*Asks:* 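Handing you a structure now.
Owing to the predicted nature of the structure, the values given are computational and were not obtained by experimental measurement.
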Amino acid sequence: IITDLSKLSELHVIARNSSFTYKGKPVDVKQVGRELGVRYVLEGSVRKAGNRVRVTGQLIDAASGAHIWADRFDRDLTDIFAVQDELTQEIISALKIKLSAPEKARIAGGGTKNVDAHDFFLRGRELVIGNKRDREMFAEANVYLRRAIELDPNYAGPYAALGWAYIMDYQNRWSDSPETSLEQAERLIDEAIAKDDNDPFVHYVAALLGLWKKDYERWAHDADRALSLNPNYGHAHLARGLVHVYSGEPVKGIAYIEHAMRLDPAQQQYRHFLGTAYLVAGNYETAAAILKERVAITPTTDLSRALLASALGHLGRAEEARQIWRELKEINPRYSYVDHFGRLPFRNPADADKFTDGLRKAGLAE
């Protein structure tokens, strides 16, 4: 439902990652509205019993606490997609939103009608986008996503998610042949696009492929395509911003990254990339402040500490930079700034050199 509502240009829809931080907790709707910067809050539940499912939903005005709409659906599990579509349409009607023809098509089209294929896709995608990044995750995601493809060979989502898993394998070298994983990812992603060119998730993963292949044209094209299909897609806003950051236009990238942060305020990794953008732009004071926030919120990060040490080096705060570096080495004794900075997809090597120059000024690099 969040995904479908996100496709509407009239709405500002908070990402699942942030809205689900309230899941299972007693919450004050007015407080949620203030914290997320939204006018309406949708809450509800899904309960399954045998082959039956009960879905409830209510739309609440976050300012007044008044109920705008509420409904309950009791259906066979095989009707779950129909329930989803009906619920989405009722919310759109309650908000008095007029859909354009392309928006109607985007909400109604795509996906799969096979409940089991969808379930395996969701399980596999959750592993790929989750915090567990290891060989075991890669193997488990492979099983789920390949099973989804078996059940519905025309379902684009599992191909794209599997492609994402192979991009991660290329980065992390989990499989026996990671040097071929980027090619495998490209085949899967191209197949996903051939099956459904209107799936924003598919185009977001294609943008990731462009990033790691340093194919800036594809990177920008697919990020733009994802945003045209889903204007509220935080990850796609980030991907589009990073095209600018790594292509030598970091100031242009900042606006995209900040918009991604408004859509998904609980996603703390965005701060890392915002700090990166300001560092590349030469605004070391702001970069250091943002990266300090990132380190405070995510104390185990090594990458953000490396960039923070660089920014502090540029500012002449060498002792503070060295303290950050000592913390980094305690977290990850094997950390190598040469490997880290060398992997970043900069078009102009001089931009990447800014990171090393900051460390050198702090006496942390040769």
*Asks:* Contact between R125 and V128 at the side-chain level, heavy atoms closer than 4.5 Å - yes or no?
*Replies:* no

*Asks:* Measure the CG-OG1 distance between L242 and T276 for me, rounded to the nearest 0.5 Å.
*Replies:*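 Those atoms lie 8.0 Å apart.
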
*Asks:* Evaluate the salt bridge (charged side-chain N to carboxylate O under 4.0 Å, His left out) criterion for residues R225 and D222: first the C-alpha distance (whole Å), next the side-chain angles of each, then the deciding distance (0.1 Å), finally the verdict.
*Replies:* CA-CA 5 Å; R225 179 69 175 145; D222 280 296; over 6 Å; no

*Asks:* Could you work out, with side-chain hydrogen bond (donor to acceptor under 3.5 Å, both in side chains) as the rule, every residue matching R187, not counting sequence neighbours?
*Replies:*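 Here the qualifying residues are Q184.
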
*Asks:* Any heavy-atom pair between the side chains of Y155 and K195 that's under 4.5 Å?
*Replies:*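 The answer is no, as the side chains (C-beta and beyond) never meet within the 4.5 Å cut-off.
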
*Asks:* Quick one: do R173 and D339 make a salt bridge, cutoff under 4.0 Å?
*Replies:*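 No salt bridge links R173 with D339.
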
*Asks:* Would you check, one step at a time, whether the test side chain to side chain contact (heavy atoms under 4.5 Å, CB included) holds for Y40 with I60?
*Replies:* CA-CA 6 Å; Y40 301 101; I60 304 167; over 6 Å; no

*Asks:* Take atom CG of D134 as the centre, draw a 6.0 Å sphere, and report whether it contains more than 12 heavy atoms from other residues, nucleotides or ligands.
*Replies:*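 It does: D134 CG has more than 12 such atoms within range.
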
*Asks:* Please determine whether the number of non-hydrogen atoms from other residues, nucleotides or ligands lying under 6.0 Å from atom NZ of K30 exceeds 12.
*Replies:* no

*Asks:* Crowded around Y170 OH? As in, over 12 foreign heavy atoms under 6.0 Å?
*Replies:*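 Count not over threshold, so no.
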
*Asks:* Establish, yes or no, whether a centroid distance under 6.0 Å links the rings of F138 and Y166.
*Replies:*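 Yes, ring centres under 6.0 Å apart.
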
*Asks:* Quick one, S181 with D169, criterion side chain to side chain donor-acceptor pair (under 3.5 Å). Give me CA distance, side-chain angles, the key distance, then yes/no.
*Replies:* CA-CA 7 Å; S181 288; D169 179 53; 2.4 Å; yes

*Asks:* Can you hop from L291 to I331 via hydrophobic side chains spaced under 4.5 Å?
*Replies:*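 Different clusters: L291 never reaches I331 through Ile, Leu, Val, Met, Phe, Trp or Tyr contacts under 4.5 Å.
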
*Asks:* Just by distance, with hydrogens left out, do E103 and S9 show a side-chain donor and acceptor under 3.5 Å apart?
*Replies:* yes

*Asks:* Spell out, as yes or no, whether a donor-acceptor pair under 3.5 Å connects the side chain of K361 to the backbone of L312.
*Replies:* no

*Asks:* Cluster question for you: counting only ILVMFWY and a side-chain heavy-atom cut-off of under 4.5 Å, with indirect links fine, are L208 and L344 together?
*Replies:*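 Yes: a chain of side-chain contacts under 4.5 Å links L208 to L344.
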
*Asks:* Apply salt bridge (charged side-chain N to carboxylate O under 4.0 Å, His left out) to residues E126 and R16 and explain how you reach the verdict.
*Replies:* CA-CA 12 Å; E126 195 68 18; R16 181 191 67 155; 3.1 Å; yes

*Asks:* For K354 and D351, run side chain to side chain contact (heavy atoms under 4.5 Å, CB included): C-alpha distance rounded to whole Å, both residues' side-chain angles, the deciding distance at 0.1 Å, then the answer.
*Replies:* CA-CA 6 Å; K354 290 179 183 177; D351 286 331; 3.9 Å; yes

*Asks:* Under the ring-ring contact (aromatic ring centres under 6.0 Å, His included) rule, what pairs show up with a residue in residues 54-87, not counting sequence neighbours?
*Replies:* F81-H118

*Asks:* Heavy atoms, side chains only, cut-off 4.5 Å: are H203 and D197 in contact?
*Replies:* yes

*Asks:* Would you call E285 and R317 a salt bridge, taking side-chain N to carboxylate O under 4.0 Å as the test?
*Replies:* yes

*Asks:* Closest heavy-atom contact between P345 and Y246?
*Replies:* O-CB, 3.4 Å

*Asks:* Please determine whether a side-chain nitrogen of the Lys or Arg among E150 and R147 lies less than 4.0 Å from a carboxylate oxygen of the Asp or Glu.
*Replies:* yes

*Asks:* Hey, mind stepping through R240 and H237 against side chain to side chain donor-acceptor pair (under 3.5 Å) and telling me if it holds?
*Replies:* CA-CA 5 Å; R240 191 62 183 91; H237 280 282; over 6 Å; no

*Asks:* When you compare the side chains of Y270 and H235, does any donor N or O come within less than 3.5 Å of an acceptor on the partner?
*Replies:*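 Side chains of Y270 and H235: pair found under 3.5 Å.
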
*Asks:* Grouping I, L, V, M, F, W and Y whenever their side-chain heavy atoms are under 4.5 Å apart, do W212 and I129 come out in a common cluster?
*Replies:*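 Yes; tracing contacts between hydrophobic side chains, which count when under 4.5 Å, links both residues.
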
*Asks:* Is a side-chain N or O of D215 found less than 3.5 angstrom from the main chain of G210, in a donor-acceptor match?
*Replies:*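 No; zero donor-acceptor contacts below 3.5 Å.
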
*Asks:* How about R218 and E186: do any of their side-chain heavy atoms sit closer than 4.5 Å?
*Replies:*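 Side-chain contact under 4.5 Å: yes.
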
*Asks:* Show the nearest heavy-atom pair for residues D264 and N17, with the distance to one decimal.
*Replies:* OD1-ND2, 3.2 Å

*Asks:* Could you grab the distance from atom CD1 of I97 to atom CG of L5, nearest 0.5 Å is fine?
*Replies:*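 So the CD1 of I97 and the CG of L5 are separated by 7.5 Å.
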
*Asks:* Any chance CD of E217 has more than 12 other-residue heavy atoms, nucleotides or ligands included, within less than 6.0 Å?
*Replies:* no

*Asks:* With heavy-atom distances below 4.5 Å as the criterion, would you say the side chains of N114 and D119 are in contact?
*Replies:* no

*Asks:* Could you tell me whether K252 atom NZ has more than 12 heavy atoms of other residues or ligands within 6.0 Å of it?
*Replies:*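 For K252, atom NZ is not crowded (no more than 12 foreign heavy atoms under 6.0 Å).
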
*Asks:* Kindly compute the distance separating CD1 (I14) from CG (L36), expressed to the nearest 0.5 Å.
*Replies:*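 Between atom CD1 of I14 and atom CG of L36 there are 5.0 Å.
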
*Asks:* In this structure, would V53 and F120 fall into the same cluster of hydrophobic residues linked by side-chain contacts under 4.5 Å?
*Replies:*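 No; tracing contacts between hydrophobic side chains, which count when under 4.5 Å, never links both residues.
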
*Asks:* What I want to check is whether the side chains of E35 and Q31 have a donor and an acceptor closer together than 3.5 Å.
*Replies:* yes

*Asks:* Parallel, tilted or perpendicular for F341 and F355, by the 30°/60° rule?
*Replies:* tilted

*Asks:* Determine whether E320 and R326 satisfy the following criterion, salt bridge (charged side-chain N to carboxylate O under 4.0 Å, His left out), listing intermediate values before the conclusion.
*Replies:* CA-CA 10 Å; E320 194 177 348; R326 285 192 288 271; over 6 Å; no

*Asks:* So which heavy atom on V295 is nearest to which on R305, and how close?
*Replies:* CG1-NH2, 3.4 Å

*Asks:* Ignoring hydrogens, what is the shortest heavy-atom contact between Y335 and K329? Give both atom names and the distance.
*Replies:* O-NZ, 2.8 Å

*Asks:* Any luck finding a side-chain donor-acceptor pair between Q268 and R271 under 3.5 Å?
*Replies:* yes

*Asks:* Does one side chain, of T356 or R360, offer a donor that lies under 3.5 Å from an acceptor on the other?
*Replies:*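 Looking only at side-chain atoms, R360 and T356 do not form any donor-acceptor pair under 3.5 Å.
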
*Asks:* Do other residues, nucleotides or ligands put more than 12 heavy atoms under 6.0 Å from the CZ atom of R39?
*Replies:* no

*Asks:* What's the spacing between E330 CD and T300 OG1 if we round to 0.5 Å?
*Replies:*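 E330 CD to T300 OG1: 13.5 Å, rounded to 0.5 Å.
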
*Asks:* Check P200 against A226 and note the closest heavy-atom contact, atom names and distance.
*Replies:* O-CB, 3.6 Å

*Asks:* Is there a side-chain contact between S247 and Y216, using heavy atoms and a 4.5 Å cut-off?
*Replies:* yes

*Asks:* Quick one about T56 and R72 (side-chain donor to acceptor, distance below 3.5 Å, no hydrogens or angles considered), yes or no?
*Replies:*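 Side chains of R72 and T56: no pair found under 3.5 Å.
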
*Asks:* Could you give the distance from CG (D196) to CD (E191), rounded to the nearest 0.5 Å?
*Replies:*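 Reported to 0.5 Å precision, the distance equals 13.0 Å.
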
*Asks:* Any chance the side chains of R334 and S336 put a donor and an acceptor closer than 3.5 Å?
*Replies:*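 No pair is found: no donor N or O on one side chain lies under 3.5 Å from an acceptor on the other.
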
*Asks:* Hydrogens and angles aside, do N283 and T286 bring a side-chain donor and acceptor to less than 3.5 Å of each other?
*Replies:*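 Judged by distance alone, the side chains do pair up.
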
*Asks:* Are the charged groups of R75 and E86 less than 4.0 angstrom apart, N to O?
*Replies:* yes

*Asks:* Looking only at non-hydrogen atoms, find the nearest pair between L99 and I107 and report the distance.
*Replies:*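 For L99 and I107, the tightest heavy-atom pair comes out as CD1-CD1, 4.3 Å.
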
*Asks:* With under 30° as parallel and over 60° as perpendicular, where do the rings of Y204 and Y233 fit, or are they tilted in between?
*Replies:*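 Tilted, since the angle between the ring planes falls between 30° and 60°.
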
*Asks:* Can you check side chain to side chain donor-acceptor pair (under 3.5 Å) on N332 and D302, steps first, answer last?
*Replies:* CA-CA 7 Å; N332 182 1; D302 53 0; 2.9 Å; yes

*Asks:* If you measure from CD1 on I290 to CG on L279, what distance do you get to the nearest 0.5 Å?
*Replies:*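 These two atoms lie 10.0 Å from each other.
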
*Asks:* Tell me whether the count of non-hydrogen atoms from other residues, nucleotides or ligands lying under 6.0 Å of NZ in K48 goes above 12.
*Replies:*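 Count not over threshold, so no.
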
